[in-house]
Each structure stands twice: as C-alpha cells, then as structure tokens.
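These notes are about the structure you will find just below.
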Amino acid sequence: MKRIDERFPRKERLQGKRNFDRVYKDGAVYRTQHIVLFCLRDNVEGRKAAFVTSKRLGKAVRRNRIRRRLREAYRRFRAGLPERVHLVFVARSGVAELEWEGLLGEMGTVLLRAGLKKS
RNA sequence: GGUGGAAACCAGGUGGCCGCGCGCGGCCCUACGGCCGUGUCGAGGAAAGUCCGGGCUCCUCAGGGCAGGGUGCUGGGUAACUCCCAGUGGGAGAAAUCCCAAGGAAAGUGCCACAGAGAACAGACCGCCUGCGGCGAAAGCCGCGGGCAAGGGUGAAACGGUGAGGUAAGAGCUCACCAGUGCCGGCGGCGACGCCGGCAGCUAGGCAAACCCCACCCGGAGCAAGACCGAAUAGGAGAGGAGAGACGGCCCGUCUCGUUCCCACUCUCGGGUAGGUCGCUCGAGACGCGCGGAGACGCGCGUUCAAGACAAAUGGUCACCGCAGCGCACGGCCGAUUCGUUCGGCUUCUUCAUGCAGCUGACAGAACCCGGCUUACGGUUUCCUCCGGCA
RNA sequence: CGCGGGGUGGUGCAGUCUGGUAGCACGCCGGGCUCAUAACCCGGAAGUCGCCGGUUCGAAUCCGGUCCCCGCUA
C-alpha cells in the first residue's frame, strides 16, 4: 500500500491578520454541529489552513487540546484537497467531548459540503 | 485504628504508527528554501493570578528638596523585596503546633452612635451621710442647704484590685500585698528584650488598616522595551540634464533667437510603513561532592548545556504494564424458601485469597529572564500531638 | 504587557470618601376605586451588601487576599 502524505508543515499554516480577514469576509461558510469552516478559493496562494478556538471553549489547556485534535483530523484529509485554498476551522462547543472517530467523520462531512473532497 | 499538625518528594511508564518545533550532519540549490538521516533535545509545581522585588533595554539626565507612594519589633540572609531564616513580645489551642501591618496616643487635630447621671481637664439618676425648718406618738416623711462616690443600674469602654485602718458617711485619705505606668541602677544578650533591686507619683481610656508625627526605601516606561534590514505608493534633499521648439509655467525681450530656474526624465541619498531579522535564551543556571553556619544561605572544586513558539510547536492514535478507588462476578456471612435449588441483603472487623480486554484518575500549557508571594489541585513517605483498643 | 471601572431586594441604581439607621424607582403581593381593565389611592413582603480573613466595641463602608463581569492602550 502506498503511504499517503499526512504531513502539515508550517508553511501550510494560515498566518497574518489580513489573510484571516480575507477568508472571513470573502470566504464561503459551512457548518456542522461542532465545526464551522470558512473557505476561500479565489485568488489565493497555496493550500493553507488554520484552527480557531475561542475563549468560550475553556482555558488554555482545553483549547490547545481541541486545536491539536482538529489539526490531526485535518491531516488525514489534507492530501486529497485542492492545491489553492485557504481554510479556517472554528471549533464550536462540544468538540472536546467528541470521540476520535466522530471527529474524523465530522471533518470529512464539512470538507464534503465545501466541495473540497470527493465522497 | 482514629484525630489534629509539620516537613520532604512524585506529577504514571514502555513500545508501535502518523505528525510538529529546534539543534547537528549530509545532499540539492544563485538565494529563499527543499529532501534525507539523526538526537540522554522539546512545558509546570504551580508554566496560572500579575501582588511585590530585581536583571536587561530605552527615555530624561548637574545635584538636591517638596509632593506622592511604600515599608514599619530585633538581628541576620539576599542582586533586591512587602520574601526567607533565627529570635523577642503578644494571641489561639488540651497538646503537637499555628497566627500577628507588632514604631509613636504625657507633638497636635479629630471620632467614640444607641443606652446611660456621666464618654474625656469626668459625672451625681437612684443611693449613703448630715445641718436647719415643718409634720408625726414613733419609725420616718416633706422642703431648703451641704458633704460623699462605697453600692445599684447603662455600656465595647465608667479614672486600679483585695484586706485593714479611718470617718457623720465616704474616698489612695493612710497602710500592707498585688497589678499596671514612668525614671534610675545592676546583671545577661550584638539587639528587640528579659531578670533583679530601688525611687516616684497615685492611675494617666480607646482608635493612627482616622488625619498625622518619626525612621528607612522609591526617577519614568516596558521585550509590542530596544536594535538592524527594508518593498510598493506618496512626499523630501542633491546631482545630471539629451532632444524638440508648432506645443507646459516663469523671467528678460516688440517679435525672432537665446538663457536661467521649475516641471518632466535619469541617477543617487536620507527618513520611514507593510513585512522580515535580531533581541531569544549561558543564567543571581542545573547537578554532585566537600567546607563554614543553629538556619536562611555562603564559599570552593568538579561535571554539564537541558524548550524557544509568534492566529503561537512540545501532539494524535493504538497496544501492553503499574498504582489507587469504584463496580460486577466468585467466595464468605445472615435471612427467607418448594430444602436439588432459588431469591434478597451485607461484605464495616480478623485470616487466607481470585478474576474482569469493565469504569474512573487532580489542577493545569512556557511567551524576555530570574527571586518570592498568592491561588487551584491528585497522591506517596516520614515525624510529632492527643484519644481509644490489644499485648 | 500595562491599566481603569464594577459586583447592594426580582431589575436598574443611591449609600462607601467622613464606620453605628441599608434608601429610591419600576416590578411583586394584599386591599380599595370600576360593570371590568389600566391609571390612581392605601398597606405589605423581599437584600448572605460577590467570597474569605484582619483592624475596630461595631465594617456595605477601612485594610489585605481571592473569584467573576465589563472596558481601554499598543
């Protein structure tokens, strides 16, 4: 079996306030129960993603854990995504209680809805 | 076994698979960077709150004062502290032990509600005693005046306590003892202070976490400090300045021609935004040993380099093992029973001792770096206090 | 990183500086007025003063600690 590329290097992280603002302003929005996805495909450089955990989700330890799990889940789908797309994943309350399989499933769902992934 | 208290320590482990950051090595490469390999490498005791104290950096700098703020028993530790250690004096407790912003109220100002007669150079309601007058058989009562502060009552607090003398009744009015205050002396201690002796006066309220006084300390900002590199656009400074003149503006000139400057163009320079790099981790460092000290801590020697992110890395997932608790089963005990069994309850003690792919596992994430404080929180060990039982 | 403001009946606020009585409005409850409702009139209940300590005879108030909420600068 061919090993799939599950890496997520630093340069694929979305950084800088202006990039975020652009995705929030011009990007399309897709929601599931625990994830909100902002997605911008027009006129962007590279494939970049970011994960947002607001203070409402808990203190720093809890937010870090949520963000790390989201990133791990994203890694599983990264290779099948388009080359030019900016993504911002926003965690909603309840993600922390989600099982790993459930989180993977939800990540797949939200990417499917955004049309970034074939079923 | 319980109970209360004090210290010290730990912060589950191992291994796959997939990732992230950093360092090192190699290869590719103009460079940014990419790929591969590799590592005693990669969160905490509080990384937290940001309550103190420093280092570091910049600003202002001739020195000082005032204002403002902080601290407040003594001695020591420290780079420094509001911290720590050792003591002193108070307080809590049966004890182990713990707690205390603990200078000054005979510098000044202010406050002390309600109650109460009186609350700050005390006061006289009831009361006690007494002189005179009146009434009355008397006890006594009434009126006017005087003496007193023992007793009652109020209050958080009422101007020493007990006893004796004294007196009309009383009172530190006098005396003895005690408590407390001030002063002097001696002894011990570096000192706070303690102990002892003497003298004085006769009692002097509390609150300075009220204003304040006294002593000591404090310049301001903060790593988004600060340093360097530096697009695009606009603007600034300087240099060059061809060609055309039918054609920009201005000046000289009637016009033509011509010239200077501006503009345009080219080049250079400096400031500087976005952005990037540095600051950024070797430091009051960590560990070990020895010495000094009662301790905080200090000194010496040796070894060692152990996170550096920036919409913010240090993880995700699976398996096994360990510890503690819980649950269930089994076992044990008790009760009921149709006495094969089945059902229900308990499993708190003693001895022996078993299983489960069972469940649960605390507080919490570095953001320039240290020293503290405070708060959150799971567990282990040791020592001590008191209580109960057994020997 | 550095600061500021706030927490008091159900709600919104006074009172805190200068310590002794917690007050106002709306709402709520009961009664009256009305055929009835509103308005109006009368009466009433309701507050661990965020929490924990300390100072004081006495603390919402003074002091220290702590928790939460809101906001500001870069």
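Note on naming: letters A, B, ... go to the chains in the order of the sequence lines (proteins, then strands), and numbering restarts at 1 for each one.
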For [X] and [N], give me the distance from atom [atom1] to atom [atom2], rounded to whole Å.
X      : N       : atom1 : atom2 : result
A:E12  : B:rA311 : CD    : P     : 17 Å
A:L104 : B:rC18  : CG    : C1'   : 12 Å
A:Y74  : B:rC20  : OH    : P     : 13 Å
A:R71  : B:rU317 : CZ    : C1'   : 15 Å
A:E101 : B:rU317 : CD    : P     : 10 Å
A:K59  : B:rA362 : NZ    : C1'   : 13 Å
A:F51  : B:rA313 : CZ    : C1'   : 14 Å
A:F89  : B:rA311 : CZ    : C1'   : 15 Å

Syn/anti label of [N] as read from its glycosidic torsion, with the cut at 90° from 0:
N       : answer
B:rU304 : anti
B:rU181 : anti
B:rG340 : syn
B:rA176 : anti
B:rG372 : anti

Can you name the residues that form a salt bridge (Lys or Arg N to Asp or Glu O under 4.0 Å) with A:R67, not counting sequence neighbours?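 Counting only residues at least two positions away or on another chain, A:R67 forms no salt bridge (Lys or Arg N to Asp or Glu O under 4.0 Å).
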The salt bridge (Lys or Arg N to Asp or Glu O under 4.0 Å) partners of A:R62 (sequence neighbours excluded) come to A:E97
Could you please name the partner base of [N], counting Watson-Crick and G-U wobble pairs only when both distances are under 3.5 Å?
N       : result
B:rG165 : B:rC173
B:rG153 : none
B:rC114 : none
B:rU317 : B:rG16
B:rG298 : B:rC291
B:rG226 : B:rC278
B:rA200 : B:rU181
B:rG72  : B:rC214

On RNA chain B, nearest-nucleotide positions of A:W100 versus A:R13: which is more 5'?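 With A:W100 and A:R13 compared, the 5'-side residue is A:R13.
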What's [X] touching, base or sugar-phosphate or nothing? Going by heavy atoms closer than 4.0 Å.
X     : result
A:R62 : nothing
A:R78 : nothing
A:F8  : sugar-phosphate

Quote, to the nearest angstrom, the [atom1] distance that separates [N] from [M].
N       : M       : atom1 : answer
C:rG65  : C:rA25  : P     : 39 Å
B:rG153 : B:rG194 : C1'   : 44 Å
B:rC217 : B:rC81  : P     : 11 Å
B:rG344 : B:rU337 : C1'   : 11 Å
B:rG163 : B:rG133 : P     : 41 Å
B:rC333 : B:rA376 : P     : 50 Å
B:rG170 : B:rC128 : C1'   : 8 Å
B:rG152 : B:rC114 : P     : 26 Å

Under 4.0 Å: is that the gap between some side-chain N or O of A:R67 and OP1 or OP2 of B:rA313?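 Answer is yes, contact under 4.0 Å.
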Looking at B:rC35, I'd like to know if its phosphate oxygens (OP1 or OP2) sit under 4.0 Å from a side-chain N or O belonging to A:R7.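 Yes, such a contact exists.
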Heavy-atom closest pair (A:V23 atom, A:C39 atom, distance to 0.1 Å) is CG1-N, 4.3 Å
Atom of A:P82, atom of A:V85 and distance for their closest heavy-atom approach: O-CG1, 3.8 Å
For A:T32, give me all partners under side chain to side chain donor-acceptor pair (under 3.5 Å), at least two apart in sequence or on another chain.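 Side chain to side chain donor-acceptor pair (under 3.5 Å) list for A:T32, sorted by chain: A:E106.
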Residues in side chain to side chain donor-acceptor pair (under 3.5 Å) contact with A:E72, at least two apart in sequence or another chain: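 A:E72 satisfies side chain to side chain donor-acceptor pair (under 3.5 Å) with A:R75 only.
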Do A:V61 and A:L70 belong together in a cluster built from hydrophobic side chains that touch within less than 4.5 Å? no
Do A:L104 and A:F77 have side chains that approach each other closer than 4.5 Å (heavy atoms only, starting at C-beta)? yes
Pairs satisfying ring-ring contact (aromatic ring centres under 6.0 Å, His included), at least one member in residues 39-58 of chain A, at least two apart: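 Listed once each, the pairs are A:F51-A:Y74, A:F51-A:F89.
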Hey, what are the protein-to-nucleotides 42-51 of chain B N/O distances that come in under 3.5 Å?
none

On a plain distance test, is the side chain of A:E72 in donor-acceptor contact with the base of B:rG315 below 3.5 Å? yes
CZ/A:R78 to CZ/A:R47 distance, rounded to the nearest 0.5 angstrom? 4.5 Å
